Amino acid sequence: MGEPVSQTPPSESGGGFKRGMWSSRTGFILAAAGSAIGLGNIWKFPYIAGVNGGGAFVLIYLVAIVLVGYPIMLAELVIGRNTQASPVVAFGKLAGPESKWKMLGWLGVLTGFIILSYYSVVAGWALNYVLMSVCDFLSNKSPEQISSLFDKLYVAGDINLFWHTLFMLLTIGIVFGGVKKGIERWARILMPMLFLIMLILVARVVFLPGFVRGVSFVFAPNFDKLTAAGVLEAVGHAFFTLSLGMGAMLTYGSYLSKKTDLVKASAVVCSLDLIIALMSCLIIFPIVFSFGFEPDQGPGLVFKTIPVVLSQIAGGELLAILFFLLLAFAALTSSISLLEVVTSHFIDSFGWSRKKATLIPGLLILLFGIPSALAGGGGLFSSWESIVGKNFFDTVDYLATNWMLPLGGILIAIFIGWFAPLERIKDEFQTGSKFKHIFIVWLWAIRVIVPIVMVVVLLYKVRILDL
Ligand code: PFF
């Protein structure tokens, strides 16, 4: 696919891969898109759009991607490529070794730790659906029976624990061995396949009676249903889905060649991510309205809807196996980027070996994910919900997506806009880019627009502001 680009010199401080790892521009796009496209697009976006009334939420999310997501992705890539280091070291290089900004890197490590702990539980659900499809468990069942299977899985703590453990071990195994060629090569084949299967599904749902209603649910804004919490969720999700605010893109950017056009690469990654999220909604909501389901079913939405339509088409069993397998694969390319942030931090900051830096944090994340795996069944921490108001899984998801990622994002924007050495940033931004003149627009977006939007959203959320 992409032509090879010259490699930046490998550095001993290493981090995840040898520096300059991406074999081509396409290699980077695939890896970054692999990190961005994941459960956030196919599992989470449709369900939070459903809970928040559809169209208006989707619109806010689009605005958030353009005004906040895209500029921050560029910022992370600029920092990463310029410093060639993982987040804590990167902020130290730009702000000085004693600087408090290094804490921002720590925040990212903590956020990656938390997100991966429950992300792996959801990926486990996808693995369970692969097995169900292989065992032909979805055929000869009514739509209601199929959709109720998820409710059973959700409360089955032991099964969730099993898949969570398996998925974490898989993630640990890959990061342990170094991501290297393997993932990049598989991503070249499997990501387009996921796209193809989704296209087949779109083509199928066009003929469902609820198609038009489904499409208007996604695209016709209905602001009555949108709440303050919904707005924060849309902005938070823009970070989550693009893997921003915790240094994942920064880390991936640190393996980039100087020839890559960051302005263009960021635009491509954002667009691919957006296309998959919208396609996912375009598949799910027509099914919801055709079979009389509710759009606000929460985290089970994708698992309750897609098998229903697959059970009705020729070759549906095979497509179901493939779809859930590819969903699990999409989750894997994201989960390795989450663990890579934590691992490369321990390598760069503490000089740990890659083995130690993968195994110890990986196993701790596995442990920390146990209450999330057991959350539906009320197992461990069964009284958590009555005390906190959300179960353990929902609590950590809420904290990471709605607070930690946006906070990380706003601090990255303020740092790069106001505190980092301007000439150095400008130079890095423009190197290899055909869009040099965009720099000034981006700079002011990062300096003013991003912080204002984020502060308004956060104040709104803590009810200091009441619009
Ligand atoms: N972007 C991933 C998704 O949409 O599933 C999740 C994610 C990966 C978030 C990596 C943050 C991150 F650093």
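Only a predicted model underlies this, so the values are computations on that prediction, with no experimental measurement involved. Any value given below was found using the heavy atoms of this structure, including those in side chains, with hydrogens, waters and symmetry copies removed. Each residue takes its place number in the sequence, starting with 1. Every number for a ligand or one of its atoms is a count from 1 in the order of the listing.
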Atoms in ligand 1 with a heavy atom of A36 nearer than 4.0 Å: 1 (N), 2 (C), 3 (C), 4 (O)
Top protein contact for atom 11 (C) of ligand 1, by heavy-atom distance: S243 CA, 3.5 Å
For A248, the ligand 1 atoms whose distance to one of its heavy atoms is below 4.0 Å: 13 (F)
salt_bridge(D397, K44) N-O dist < 4.0 Å: yes
Parallel, tilted or perpendicular: ring planes of F150 versus F303, cut at 30 and 60 degrees: parallel
Candidate list S120, S335, S117, test side-chain contact (heavy atoms from CB on, under 4.5 Å), partner I365, passing option: S117
Backbone N/O of A123 and side chain of W163: donor-acceptor pair under 3.5 Å: no
Any Y119 heavy atom less than 4.0 Å to ligand 1: yes
Proximal atoms of ligand 1 relative to L39 (non-hydrogen, under 4.0 Å): 5 (O)
T241: numbered ligand 1 atoms lying under 4.0 Å from its heavy atoms: 1 (N), 4 (O)
Contacting atoms of ligand 1, where contact means under 4.0 angstrom from a heavy atom of M246: 11 (C), 12 (C), 13 (F)
Atom indices of ligand 1 within 4.0 angstrom of S35 heavy atoms, with elements: 1 (N), 2 (C), 8 (C), 10 (C)
L338 N/O to ligand 1 N/O under 3.5 Å: no
Y252-F28 aromatic ring centre distance below 6.0 Å: no
Protein heavy atom at shortest distance from atom 6 (C) of ligand 1: F240 O, 3.6 Å
Output field: ring centroids Y118/F392 closer than 6.0 Å: no
Side-chain (T260) to main-chain (L256) donor-acceptor, under 3.5 angstrom: no
